[in-house]
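Working notes for the structure below.
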Amino acid sequence: MDYSRPPITESVIELRFSEEIDFETIVKRSIKFKRNYPNELKNFDVVGEFSEKGVFGKSVEVGLRLSSKDELEVLSINKNSLMVSHLAPYPGWNKFSARFHRDFDLFTELFGRRSFTRAGMRYINRLDVPLGASDERKFINVYPHLPDFGASNTGTFAMTSTFELAEQGLGVTLQSATVESPVPRCTSLVIDIDVFAATDLPMRYDMWEGKLDHMRNVKNEIFERSITAEARRLFS
Amino acid sequence: MNALALFNQSRTITDLRQAGAQQGTGGPASRSLTDIFEAIRTSQRVTKPAGMARKLSTLSGEADLEIALKGSRTSFKVLVSRVSMHLGVSWLEKLFAQIDSLLDVDEWDASDPVPNTETARTFIRLLLAMKVSRRPGLGVSNSGNIVAAWTAGPNRLTVECLPNDRVRWVLARVTDGETERAAGDGKIERLREILGPYTPAVWFEYAD
């Protein structure tokens, strides 16, 4: 379903490599992406060690985060993954998908054909609900079930569920939570859908388009079933 | 048994051993929620957001100023992006152009403090709370706070955006040939009410 003001705050497509790329290679070969992504930052992993002497952290460079001039389009090339994401406003599937394939093609040209262990598609949606109508059950169908403690709603919550859709050959991590709203006089609900495939990944590059289209259809179905008609009125 | 131990236990009960379920698809701007869940799932390993290392370094010289301004522009735009569904694409593009112009390294006085995320957040919440149709002119105060200014002929409203939804404002409003001036400070949630007697539509809405 097309919405006039989609509540998507971030959309992500990520492919995970079966073999790592070393950081120096990423830095050397990513220069050609500069035309579309002039901004560059390093991505770090921080590994913490806890002992009686205290907490020690070590940061390790794991890749580059490239972004467009307006900062809305992001490309992350890490040792073990390629990630294309778009921040709000969501440009629509056709544009987002086309951008992914453009970057995937250039990545293949620069880094060679690779095999993958996982493909993930994640859409983070935030529903901004005016205060006074904050019973989440009016807006979403994914929330914790609690015994009757006498509360009128479940208050704040964060829940996650990971399940397999065997017929689709996909896994799903579905999260919902209340979050502090960036909009005054609102409370916000997040529906975070991560659809992923870890088996039957395309061997041929021209089959990725069909695979991603399929994942997107499943993601849409999950989203539509996770929200109510009342929620649709917020962003239609 | 602490909460983390409970979650780790439930992870073994739930079938999260399936490849791919143990670490979710990344998302650069939504780390907070992700981190909560990832920390629960994987216990100790936390990915630091890009750019955080830069904040740890002391600022010295032009290169560091450029990095600080770039970081400020990025944070500002990401915050605007988060509420873009309430502002509209046209507004967003014009506001981004204003941010680029405001935080341009070539125009920046190196002795001025670079605006932080808190002042940008208050500014965006001000726009939404006041239901603003007309974009304000933007500036930065000596304290490094975003300043929004609306001018309609002799009628002027200037609002300095402080952290935590607080604002400091000053106005000049002409009524029946008389210029009235007022100033104050407080939370943005009260500002519309306080400005009510001055007919704020003169600043926030386009004239018919």
Side-chain angles (χ1 to χ4, degrees), chain A residues 5-10 12-14 16 39 41-50 59 62 64-65 67 69-72 74 76 78 81 83 85 87-89 117-118 120-122 124 126 128 158 160-162 164 171 173 175 177 179 182-185 190 192 194-199 235, chain B residues 11 14-16 18-30 32-34 36-37 40-41 44-54 56 70-71 73-89 92-93 96-97 100 121 124-126 128-130 165 188-189:
Chain A
R5 293 178 296 123
I8 300 163
T9 58
E10 189 173 5
V12 183
I13 298 173
E14 182 196 68
R16 220 163 275 172
N39 302 316
L41 290 171
K42 287 176 184 167
N43 282 333
F44 295 90
D45 256 6
V46 180
V47 181
E49 290 176 14
F50 298 81
S59 63
V62 294
L64 294 180
R65 179 192 187 275
S67 58
K69 185 169 184 291
D70 65 8
E71 302 289 351
L72 301 183
V74 180
S76 272
N78 293 321
S81 66
M83 187 175 76
S85 65
L87 306 186
T117 58
R118 184 187 189 275
M121 181 178 293
R122 183 173 171 197
I124 301 166
R126 192 194 68 238
D128 299 322
T160 182
S161 173
T162 296
E164 186 181 0
T173 296
Q175 302 177 29
V179 293
V183 183
R185 293 188 286 275
V190 167
D192 182 342
D194 184 356
V195 175
F196 57 87
T199 56
F235 45 83
Chain B
R11 187 173 62 159
T14 311
D15 185 16
L16 292 182
Q18 179 187 0
Q22 292 180 1
Q23 192 181 4
T25 305
S30 302
S32 54
L33 185 61
T34 307
I36 294 166
F37 288 106
I40 289 167
R41 287 186 202 159
Q44 311 304 343
R45 197 160 176 259
V46 179
T47 301
K48 187 156 72 168
M52 188 178 280
R54 296 186 192 281
L56 301 176
K70 193 173 179 179
R73 282 197 304 269
T74 300
S75 305
F76 204 161
K77 287 178 182 176
V78 169
L79 285 173
V80 173
S81 150
R82 291 181 65 209
V83 297
S84 58
M85 58 288 280
H86 300 288
L87 296 174
V89 174
L92 182 88
E93 288 169 352
F96 277 9
D100 283 335
R121 178 176 289 127
I124 292 161
R125 289 173 65 82
L126 170 73
L128 296 170
M130 305 305 284
D165 279 0
I188 54 174
E189 64 197 33

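Hydrogens, waters and symmetry mates play no part in the numbers below; they use all other heavy atoms, side chains included. Chain naming here is simple, since letters A, B, ... match the order of the sequence lines and numbering starts at 1 in each.
- Note: Arg125(B) leads Lys77(B), Met85(B), Arg125(B) in heavy-atom pairs under 4.5 Å with chain A.
- Without hydrogens or angle criteria, Arg82(B) side chain to Ala88(A) main chain gives no donor-acceptor distance under 3.5 Å.
- Contacts with chain A were tallied for Glu189(B), Arg121(B), Lys70(B); Lys70(B) has the most, counting heavy-atom pairs under 4.5 Å.
- Interface remark: of the candidates Leu128(B), Val89(B), Ile188(B), Leu126(B), Leu128(B) forms the most heavy-atom pairs closer than 4.5 Å to chain A.
- Taking each heavy atom of Phe96(B) and Asp70(A) in turn, the nearest pair found is CE2-O, 3.4 Å.
- Of all the heavy atoms in Gly120(A) and Thr25(B), the pair that sits closest is CA-OG1, 3.2 Å.
- When heavy atoms are compared at a cutoff of 4.5 Å, Asp165(B) does not approach chain A at all.
- Residues Pro89(A) and Leu92(B) approach most closely at CD-CD2, 3.4 Å, considering heavy atoms.
- Between Ser81(B) and Leu72(A), the closest heavy-atom pair is CB-CD2, 3.6 Å.
- If you measure heavy-atom distances from Asp128(A) to chain B, the contacts under 4.5 Å come from the side chain alone.
- There is no contact between Leu64(A) and chain B, counting heavy-atom distances below 4.5 Å.
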Exercise. Report the C-alpha distance between Arg5(A) and Ser84(B) in whole Å, list the side-chain angles of each, state the deciding distance to 0.1 Å, and finish with yes or no for side chain to side chain donor-acceptor pair (under 3.5 Å).
Key: CA-CA 9 Å; Arg5(A) 293 178 296 123; Ser84(B) 58; over 6 Å; no
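- The candidate from Ser161(A), Pro182(A), Ser81(A) with the greatest count of non-hydrogen atom pairs under 4.5 Å with chain B is Pro182(A).
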Quiz item: When you look at Glu71(A) and Thr74(B), which way does the side chain to side chain donor-acceptor pair (under 3.5 Å) test go after all the steps?
Solution: CA-CA 6 Å; Glu71(A) 302 289 351; Thr74(B) 300; 2.9 Å; yes
